[in-house]
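Every chain is numbered from 1, with letters handed out A, B, ... down the list of sequences.
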2 protein chains.
Amino acid sequence: MAIRESTEQRLLDAADDLFFTRGIAATPIDAVIERAGVSAATLYRGFPSKEALVAAALERRHLEWIETWDAAIARAADDEERALAVFDALDDFRDRPIGSRWCAFLGTAAEYGDAPPEVAEAVRRDSDALRSRLRNLAAPLVAPRSRDDRRRPDDGTDHRASRLGDELLLLVTGDLAMRLREPGHRTDTARGIARVLIASAR
Amino acid sequence: MAIRESTEQRLLDAADDLFFTRGIAATPIDAVIERAGVSAATLYRGFPSKEALVAAALERRHLEWIETWDAAIARAADDEERALAVFDALDDFRDRPIGSRWCAFLGTAAEYGDAPPEVAEAVRRDSDALRSRLRNLAAPLVAPRSRDDRRRPDDGTDHRASRLGDELLLLVTGDLAMRLREPGHRTDTARGIARVLIASAR
DNA sequence: GTCTATAACCGGATAGAC
DNA sequence: GTCTATCCGGTTATAGAC
């Protein structure tokens, strides 16, 4: 019934590379089939539809991204560098052999006017993870909250941390989207802004 | 031979709304035809191809965007507010009845793996205009250049102004792309960061 | 002369049958 | 794994209405 593990990996490799560099709509399913070296029947046995394949490729990519990011965080020496590690991770992730032109998740969100549920879910999960992780990384960097400021967002971080986290999220998102304007765009600008924001949040 | 002015406008209205909200690939040419209330023959008399229609719609949108932005700049009271006016313009532009979910130019760049020349040109023109205008708006905000700093980028602004301009470009781009993550996203975050950057550039 | 309506062509894409 | 039914999208041709 199910397809072989190695076959699934080859299909996901092909899907990842083709969908997220050339675009989903622009990539015929035949191109994925050919790249993966499987037959159409095999693909449709493993994945009920093109959309399901997209969702599965996004899911795997999300896990790889979190791995890359965690590794960058682990290399960092202090709280500030841990927060800035997201930019190292972006550099690392972009330098991978197969990759998207900018961001697979934003790209998918952009392609679908309204995405099918499985795809929308994958995209939303990525944004949520980015936001909550950035807020947590921002927490140790902000000045301790004042006594008369009791507001807390849902995730338990105080509002200064969530603000800095959301600012970092905008920078990350901006850095990714800048790659659409200039393909060679690097993280220097976003990183520089982040340093200024961190300094001013202390 | 040529098509009537009003017919052209109706076609561009339809193209703008459909292409940039639902996506270009996702919008069949028939949908544009129906919305505009013209026949296929008329469309193809006015525009040689779907891509040409895309490029023309982008061109018109670019002009409208610059108009909106200029109006926002004209309303501003001082140099700092003039630089921040781009965020007012983003708010104004987004509140228009027909609009894209995020940014027509970035969206088009994202859709085409490699865009046809006419489309690529329209997208590039938008990025270039954004960058050079933001650099110029940043110029009066930066500390006067020191004597031993003679570097100047091509556009004649000094490197501090171009840096601040490029930072603003990243914020604008990030604000636009954030609308993909949360549809209701507002410019507050980007604007706040911009203020911090301006303060620290003085 | 500008437009509409209709329909047909053709490449390509999904999906499923064999 | 191949092959094919079916559909859909972009484009063009024809004929006629205002």
Engineer: Applying side-chain hydrogen bond (donor to acceptor under 3.5 Å, both in side chains), which residue pairs with at least one partner in residues 188-202 of chain B are found, sequence neighbours left out?
Structural biologist: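 Qualifying pairs: E80(B)-R202(B), D88(B)-R191(B), D91(B)-R191(B), T187(B)-R191(B).
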
Engineer: Which pairs pass salt bridge (Lys or Arg N to Asp or Glu O under 4.0 Å) with one or both residues in residues 98-113 of chain A, sequence neighbours excluded?
Structural biologist: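 Passing the test, one end in residues 98-113 of chain A: no pairs.
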
Engineer: According to side-chain hydrogen bond (donor to acceptor under 3.5 Å, both in side chains), does anything in residues 27-40 of chain B pair up with another residue at least two apart or in another chain? List the pairs.
Structural biologist: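 Checked against side-chain hydrogen bond (donor to acceptor under 3.5 Å, both in side chains) - neighbours excluded - the pairs reaching residues 27-40 of chain B are D17(B)-R35(B), S39(B)-T42(B).
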
Engineer: Which residues pass the salt bridge (Lys or Arg N to Asp or Glu O under 4.0 Å) test with E8(A), sequence neighbours left out?
Structural biologist: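 By the salt bridge (Lys or Arg N to Asp or Glu O under 4.0 Å) rule, E8(A) matches no residue at all.
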
Engineer: Rounded to whole angstroms, how far apart are CD on E34(A) and P on dT14(C)?
Structural biologist: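 Whole-Å distance recorded here is 14 Å.
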
Engineer: State which residues pass salt bridge (Lys or Arg N to Asp or Glu O under 4.0 Å) with R75(B); sequence neighbours excluded, sorted by chain then number.
Structural biologist: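 Testing R75(B) for salt bridge (Lys or Arg N to Asp or Glu O under 4.0 Å), a comparison that skips the adjacent residues, returns D92(B).
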
Engineer: Below 4.0 angstrom from OP1 or OP2 of dC3(C), is there any side-chain N or O of R4(B)?
Structural biologist: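 Answer is yes, contact under 4.0 Å.
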
Engineer: Can you tell me the distance, in whole Å, between the CD1 atom of I3(B) and the P atom of dC3(C)?
Structural biologist: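 Atom CD1 in I3(B) sits about 6 Å away from atom P in dC3(C).
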
Engineer: Quick one: list whatever passes salt bridge (Lys or Arg N to Asp or Glu O under 4.0 Å) with D78(B), sequence neighbours left out.
Structural biologist: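 D78(B): no salt bridge (Lys or Arg N to Asp or Glu O under 4.0 Å) contacts found.
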
Engineer: Please check if the number of heavy atoms outside R82(B) that lie under 6.0 Å from its CZ is greater than 12.
Structural biologist: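 For R82(B), atom CZ is crowded (more than 12 foreign heavy atoms under 6.0 Å).
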
Engineer: Tell me, which pairs form a side-chain hydrogen bond (donor to acceptor under 3.5 Å, both in side chains) where one or both residues lie in residues 56-68 of chain A, sequence neighbours left out?
Structural biologist: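 side-chain hydrogen bond (donor to acceptor under 3.5 Å, both in side chains) check on residues 56-68 of chain A returns Q9(A)-R60(A), D13(A)-R60(A), D16(A)-R61(A), E59(A)-R125(A), H62(A)-D126(A), E64(A)-R96(A).
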
Engineer: Respond yes when some side-chain nitrogen or oxygen of Y44(B) is under 4.0 Å from OP1 or OP2 of dT11(D), and no when none is.
Structural biologist: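 Y44(B) to dT11(D) OP1/OP2: side-chain N or O found under 4.0 Å.
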
Engineer: Kindly write out the residues that satisfy salt bridge (Lys or Arg N to Asp or Glu O under 4.0 Å) with R94(B), not counting sequence neighbours, or none if the list is empty.
Structural biologist: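 Expected list: none.
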
Engineer: Is there a side-chain contact between L106(A) and R181(B) (heavy atoms, below 4.5 Å)?
Structural biologist: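 Result yes, sub-4.5 Å side-chain heavy-atom pair found.
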
Engineer: Output the residues of residues 47-57 of chain B in contact with DNA chain D, where contact means a heavy atom of the residue under 4.0 Å from an atom of the strand; sort by number or write none.
Structural biologist: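 Of all residues in residues 47-57 of chain B, the ones placing a heavy atom under 4.0 Å from DNA chain D are S49(B), K50(B).
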
Engineer: NA contact type, V38(A), heavy-atom cut-off 4.0 Å: base, sugar-phosphate, or nothing?
Structural biologist: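 No contact at all - V38(A) keeps every heavy atom at 4.0 Å or more from the nucleic acid.
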
Engineer: Between the protein and nucleotides 13-15 of chain D, are there any N/O to N/O pairs under 3.5 Å, and if so, what are the atom names and distances?
Structural biologist:
none

Engineer: Could you list the residues that satisfy side-chain contact (heavy atoms from CB on, under 4.5 Å) with A194(B), not counting sequence neighbours?
Structural biologist: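 A194(B): side-chain contact (heavy atoms from CB on, under 4.5 Å) contacts with L84(B), F87(B), L168(B), L171(B).
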
Engineer: Heavy-atom contacts under 4.0 Å between residues 22-33 of chain B and DNA chain D, which residues?
Structural biologist: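 Nucleic-acid contacts, sorted: T27(B), P28(B), I29(B).
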
Engineer: For a quick test of reading the model: is some side-chain N or O of T7(B) closer than 4.0 Å to OP1 or OP2 of dC3(C)?
Structural biologist: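 So the side chain of T7(B) is within the cut-off, an N or O lying under 4.0 Å from OP1 or OP2 of dC3(C).
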
Engineer: Considering just the side-chain nitrogens and oxygens of S39(A), establish if one lies under 4.0 Å of OP1 or OP2 belonging to dT2(D).
Structural biologist: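 No, S39(A) has no side-chain N/O under 4.0 Å of OP1/OP2 on dT2(D).
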
Engineer: Rounded to whole angstroms, how far apart are CG on L43(B) and C1' on dC3(C)?
Structural biologist: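 Rounded to whole Å, this separation is 13 Å.
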
